[in-house]
Every structure is written in structure tokens, then in C-alpha cells.
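Please read these numbers as outputs of a predicted model, since none were measured by experiment.
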Amino acid sequence: AIEAVRFTEGQNTTAGKRKTKKTRRVRPKEMAFQNIKRNRKKMVLVVLSLSLALVLLNSIYSLVQGFDIDRFVSGRIVSDFSVSDATLDNVSVNFESIVRDGVTDEFMEELKSRDGIRETGNIYMKEIDPKFTDEAYALIEERIFDNQDAQNTLEYLAGSEGMALIDDFRESRFLDGKVYGIGRSVMEKLENTDGDLDWEKFSDGKYVIATRFRTVEEKGIDYFRPGEKVTVANENGESREYEVLAVADMPYSCGFQHFGMFDCNYILPEGEYLDLMGAQNPMRTIFDVEPEAVKKTDAWLSDYCENVNPDLTYQSK
């Protein structure tokens with residue numbers, strides 16, 4: 001726009017005799033149109049300058065109005081607060097040194113006594129490789145190892161050795177896996193659910209929620225589907241059979257943020273998990289608070305994690 005203002009037109013003067021012409025009345029619209037036609041380059045420059053400003057303004061306005069801060073934050077945390085051991089999500093900590101059950105009983109008692117707490121949910125986890133019956137493993141062969149998307153993902157991760165790794169998995173019948181235990185409020189935060197997530201039905205101890213294999217394109221492939229049977233074992237080798245109630249993805253901010261080539265994970269209700277796995281402290285505790293209690297709760301957590309139990313850390317939405 002500044003260049004358009006600076007532009008000056010050359011004036012062409014013709015010496016010689018001037019012929020007198022009869023004047024006529026000119027309308028303002030005609031004058032404006034003639035003025036635009038007089039120098040088309042200048043007209044194009046001005047129109048483009050004004051159009052660019054309008055396009056930029058409209059684009060920025062659309063971006064600002066279309067940004068959902070809650071959706072953005074949900075990738076990092078699904079509740080107002082999340083508490084865990086300080087080593088859990090620390091990428092600089094040696095894998096073997098990560099504490100998977102760091103939320104102490106003392107903290108839980110202190111949390112219960114706080115005002116303004118609305119919902120609390122515990123997340124438990126043990127890394128236990130899944131066991132498969134012949135029928136269950138046949139489904140893994142069909143849905144995962146023979147699936148082109150899964151093969152492409154393994155080749156992307158392992159390069160030319162991808163197919164050889166699939167052969168190794170087939171021969172050993174080994175897959176990585178984790179078993180989670182969750183409370184009701186955590187179940188309600190599971191993502192991409194397929195099936196009936198009924199807490200009353202889920203918590204009676206007969207059902208499990210299965211997770212999916214994720215491809216490099218973030219496509220989910222079901223290991224098992226609702227109604228099928230799976231076996232979940234504990235560290236002592238004791239196993240129980242469950243029916244798959246639903247298929248879902250554990251939110252990244254809730255799960256154990258370390259992954260294998262194939263993670264076949266199961267999710268049990270909190271009570272059934274502790275009955276099968278034995279007594280254990282939570283890996284994470286997430287909770288929501290009343291709006292007026294956010295600042296006081298944040299200040300309390302900051303003091304607790306710094307002065308009372310420095311082994312704990314917290315995240316705040």
C-alpha cells in the first residue's frame with residue numbers, strides 16, 4: 001500500500017494548438033471509472049495490496065477462532081491434575097530405574113482430606129507379556145502379522161529386518177504387553193472406544209478392555225474384538241480368562257510412555273486388577289477439582305512435591 005501511495009504518474013503534455021471542445025456534464029461515477037482506467041498498473045498494485053491485508057487478517061482471525069485450547073491440552077493431560085513418581089515420564093532416567101508404583105498411601109490420604117476435589121482416578125500398571133491360546137494366536141496371525149499396514153510399520157521401525165522380526169514373533173508367540181488397572185473416571189477418558197463401556201458391567205470382574213496396534217499412520221488395528229476371549233496372567237503365572245467388553249486406546253498422558261514393537265495391552269477394572277496382581281500403589285493418580293479450588297490445589301501440590309515428598313511430581317492443566 002505504501003508503494004502505491006509513493007507511485008507518481010508521469011504527465012504527458014502536448015505542445016501545439018489546443019482545440020476548444022464543448023463541455024458536458026460528467027457524473028462522479030464516470031470520473032471514478034476513468035481515473036481507475038488511467039493507470040492500470042497502479043490500480044492492480046493497490047487492489048493486490050488491499051487484498052493481501054484482508055486475506056492475512058481473515059486467516060489470522062480464522063486460526064485464532066478455530067484453536068481449541070482444551071483439545072490441545074488434552075494431549076498432555078486429561079484431568080485438572082496428575083500426580084506420579086518423578087521418574088515415570090523423565091526420558092533421562094534409566095529404564096530400569098523408573099518407578100511404576102510411586103503414588104504413596106500418605107499422599108492419597110492427604111488428597112482425600114482436601115476440599116474441592118471432585119473426581120479421583122487411579123491408574124495401575126504391570127509389564128506382563130500376554131499369553132495366547134491357539135484360537136487367540138490365530139487371530140493375531142490374521143489381523144496383525146498378515147496385515148500389510150502392520151508389516152509396513154514394522155519395516156519402517158526395523159528397516160530391512162522387519163519381515164524377519166515378524167517371523168521371529170510368529171515362532172516365539174511373543175508380544176510385548178502391559179496390564180492396566182483403572183478406576184471409573186479413567187475409563188470415561190479412554191479414547192476411540194468400540195463397544196459397551198458400562199462401568200457396572202465392567203467392574204464385576206468378568207471383562208477386560210483390549211487395546212489396538214497403532215501403525216505409523218496412526219491407524220488402529222484390533223488385536224481382539226468385543227465378545228472374544230483373552231487370557232491375562234500375573235507375575236506368578238496365575239492366569240484368568242476374560243471376555244473383551246470393548247476396544248479402546250489408553251490416553252498417552254495416562255499410560256506408560258514406553259513402547260515395544262507390538263504392545264498387546266489389557267485394561268482391567270481397579271478391583272479386579274488388584275485381586276489378580278496383588279497389592280500395589282498407583283502408577284498415576286488423576287483428579288479434577290472445583291474451579292474455585294484450582295489455585296489452592298496447585299499451591300498445595302507444589303509445596304507437597306517440593307517439601308513433603310520430593311519423589312513425586314505433578315502436572316496441572
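Between the side chains of Asn122 and Thr285, at least one donor N or O sits under 3.5 Å from an acceptor N or O.
Atom CZ of Phe95 has more than 12 neighbouring heavy atoms from other residues, nucleotides or ligands inside a 6.0 Å radius. Within 6.0 Å of CZ on Phe174 lie more than 12 heavy atoms contributed by other residues, nucleotides or ligands. Residue Asn307 qualifies as enclosed at atom CG: its count of foreign heavy atoms under 6.0 Å is above 12.
Residue Ile117 is grouped with residue Tyr314 when hydrophobic side chains (ILVMFWY) are merged at heavy-atom distances under 4.5 angstrom, including chains of intermediate members. Residue Met108 is not grouped with residue Met283 when hydrophobic side chains (ILVMFWY) are merged at heavy-atom distances under 4.5 angstrom, including chains of intermediate members.
Under 4.0 Å is where a charged nitrogen must lie from a carboxylate oxygen, and between Glu110 and Arg114 no such pair does. Salt bridge status for Asp249 with Arg214: present, with a side-chain N to carboxylate O gap under 4.0 Å.
A heavy-atom distance below 4.5 Å is found between the side chains of Phe256 and Leu88.
With sequence neighbours excluded, the residues that form a ring pair (Phe, Tyr, Trp, His ring centres under 6.0 Å) with Tyr304 are Phe107, Trp300.
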Which donor-acceptor pairs under 3.5 Å do the side chains of residues 199-209 make with protein atoms, sequence neighbours left out?
residue	atom	partner	partner atom	Å
Ser203	OG	Trp199	O	2.8
Ser203	OG	Glu200	O	3.3
Asp204	OD1	Lys206	N	3.1

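Nearest heavy-atom pair across Thr193 and Leu190 is CG2-O, 3.8 Å.
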